[in-house]
Amino acid sequence: MTSLLEVEGLCVTFGSGAGAVRAVRDLDLSVESGEIVALVGESGCGKSLTALTLMRLTPPSARVQGSVKYRGDQILDDKGLKIKALRGKEIAMVFQEPMTSLNPSYTVGDQIAESIRLHLKLPRKQAAKQAIELLRRVRIAAPEQRAKAYPHQLSGGMRQRVMMAIALSCDPKLLILDEPTTALDVTTQAQVLEIVDELRKEANTGVILITHDLGVVADLADKVVIMYAGSTVEKAPVESIYSRPSHPYTRGLLAAIPRRTDGVRKRLDEIPGTVPIVRELPSGCIFADRCSCVEVDCRGAVPKLEMIEDEHYCACWHPQIEVETVSL
Amino acid sequence: MKRYLLRRAGASLITLIAASMVVFIGVRSLPGNMAVALSGENGSAAALAAITKEFGLDKPLVIQYVDWVGQLLRGHLGVSPQTGLTVSSELAQRVPVTLELTVLSILLGIVIGIPAGIGAAVRRGKALDYASNAVALFGLSVPSFWFGILLILLFSVKFHIFPSSGYVSLFSNPVENLKDMVMPVVVLGSGVAAILMRQMRAGMLETLRSDYVRTARAKGLSEKVVIGKHALRNSITAVVTVLGLQFGVLLSGVAVTEQVFLLPGLGRLTIDAVFQRDYPTLEAVALLVATSYIVINFLVDVVYSVLNPRIRLAGGSA
Ligand SMILES: Nc1ncnc2c1ncn2[C@@H]1O[C@H](COP(=O)(O)OP(=O)(O)OP(=O)(O)O)[C@@H](O)[C@H]1O
Ligand SMILES: [Mg+2]
């Protein structure tokens, strides 16, 4: 059976020679219909870049290698013609930057309707009506009025949901959401995630959900990919990630999840240090400098992503396999 | 938007009043004197006094200004002491020439500059980009009189395609008129095109990098729509501003080109008037140019506010 999306050995590099920055390294990823795959990691680890690469919307200076297959069809072709035909209709994306991702010169209703008219070939009036329905669906109050608003008249959270409405407009088969809830309060965040869940169940949409907050993905995602400085450090079904996190980085991320019981949000400084600049990666394990259980041999060679149990991959010389339950 | 435009209109009016003062004082304080110029170097003292009296040149400057404004408000631009004709009849002859020259040059500038700017931005770093930049640089760095003379040498003297000088009114013989206009319009229009091209390219490059252009691509829109609709709409505003400025620059700067091609426009009228210290004519021309500048600036603001919903909706009911 072919996957909805199958990514193999994806690399994104900026520059060349000694100054080359390998911002995404050797990423493998697969998404099935109706599945939610979470891409998790700290700021700058290459999540957005990965998503943009899949849409082929990377800056011109980025060099992309690897294989991206959509329903078995290679879409990482030379000219990018294949992905162009899929964008907006089969594969849709919600960008991380809600404030600047909408065109300031057109009403949000028009911007949603534009997509509908293009892909569903609906006449103007019907498209406008459907745009209002979509705004209602992403839980925007008074959608008839909001449709006539320009982006600058809406809050960041509203704009993010407008972006969501655009992405949903043509019932995509694969939806890429880049931190779709960052600008939202807890209630709206829950509503948006509810829509995503609905979509997966009812429309059988495959979803790539990017976040830096492992807490968000617990109830929603099927698979989790943990990225660190461009590399995948751990990849597993969501239950394994939560019950048996094996990479020290993953355990650090889990420890940083705000406990719903204390109500106090802890920062990610549970893991000492910061993500290294991708250019200055240490030799050996890229996480060695920040790792709490680093050993001498960690600095020798780069650990490969290896299967430590069924469907559970980890790139660590000393993965912890003992059971540790993280209470949420 | 109404509020905004009213405010802009008010500001324009104040600017106009200030401009009229500057024009008046500027002209009247030119070295030399109209009365002297008129009576000639060796004119008698009596003649000089008579002229001074006739044109009120002996009154204080403030009174002269008030008289002049009063006259303007009644619709009189005065009489040229040199020719004895009313300034308005003189302007009626000259303005169409300059206006035609300016409008055609701007149109040529738009037709060449804007597509070239878009093309250069879209094909950044490619042959088209380099070519347009090189041509633009040439257009900007070559003095217009030299370019004009070159055209005359080539197309009039050598190939006899266009007349080197002379002018036939648009209304009496449109074909001949356009033939007269081709070379001067190319001279002035190429400069406008160069400026517009660079502005358009810079604006377009910036917009093409923006997140909403990326969104437009993510929607699956064709590159034509992405550029022609989403990017153009937002990068054209700066071009409109420059266009307005260019109009003013042309109106006041056509003198050299008119001189090169011997076109009887405002530029030549001004030059003659300066030599003869023809105050009424000079004042009328300067005020006319200043007024068009101000009106065009206001129009630019109007266009700007129509293009930009942030201004359009500010203060209004949205
Ligand atoms: N044009 C570029 N030139 C060079 N490096 C770049 C460029 N664009 C991105 N990068 C590098 O790619 C890396 C990944 O950036 P990306 O935006 O994907 O991070 P992210 O995981 O989405 O972070 P965040 O959580 O802050 O959104 C960054 O470290 C950045 O330095
Ligand atoms: Mg990001």
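Residue numbers start from 1 in every chain, and the chains themselves are labelled A, B, ... in the order their sequence lines are given, proteins ahead of strands. On a predicted model such as this, the values are computed, not experimentally measured, just so you know.
Contact annotation for Leu307(B): only backbone heavy atoms (N, CA, C, O) come within less than 4.5 Å of a heavy atom of chain A. Leu102(A) touches chain B through its backbone: at least one of N, CA, C or O sits under 4.5 Å from a heavy atom, while the side chain does not. Of the two parts of Met99(A), neither the backbone nor the side chain holds a non-hydrogen atom closer than 4.5 Å to a non-hydrogen atom of chain B. Proximity to chain A is absent for every atom of Val213(B), based on heavy atoms less than 4.5 angstrom apart. For Leu52(A), the part sitting under 4.5 Å from any heavy atom of chain B is the side chain, from C-beta outward, and nothing else. At a 4.5 Å heavy-atom cutoff, Met93(A) makes no contact with chain B through either its backbone or its side chain.
Asn234(B) CG to Tyr106(A) OH: the interatomic distance, rounded to the nearest 0.5 Å, is 7.5 Å.
For Lys229(B), the NZ atom is densely surrounded, since the number of other residues' heavy atoms within 6.0 Å is greater than 12. Within 6.0 Å of CZ on Arg200(A) lie more than 12 heavy atoms contributed by other residues, nucleotides or ligands. With a 6.0 Å radius and a threshold of 12 heavy atoms from other residues, nucleotides or ligands, Lys89(A) has its NZ atom above the threshold. Other residues, nucleotides and ligands contribute only 12 or fewer heavy atoms inside 6.0 Å of the CZ atom of Arg124(B).
Contact detail for Pro104(A) and Pro309(B): the closest heavy-atom pair is O-CG, 3.0 Å. Closest of all the heavy-atom pairs between Thr215(B) and Ser101(A) is OG1-O, 2.6 Å. Considering all non-hydrogen atoms of both residues, Gln111(A) and Lys219(B) come closest at O-NZ, 2.7 Å.
Put simply, the side chain of Arg233(B) does not reach to within 4.5 Å of the side chain of Asn103(A), judged on heavy atoms.
The main-chain N or O of Glu223(B) is never found under 3.5 Å from a side-chain atom of Lys84(A) such that the two would form a donor-acceptor pair.
No other option in Gly220(B), Ala218(B), Ser210(B), Ser222(B) has as many heavy-atom pairs under 4.5 Å with chain A as Ala218(B).
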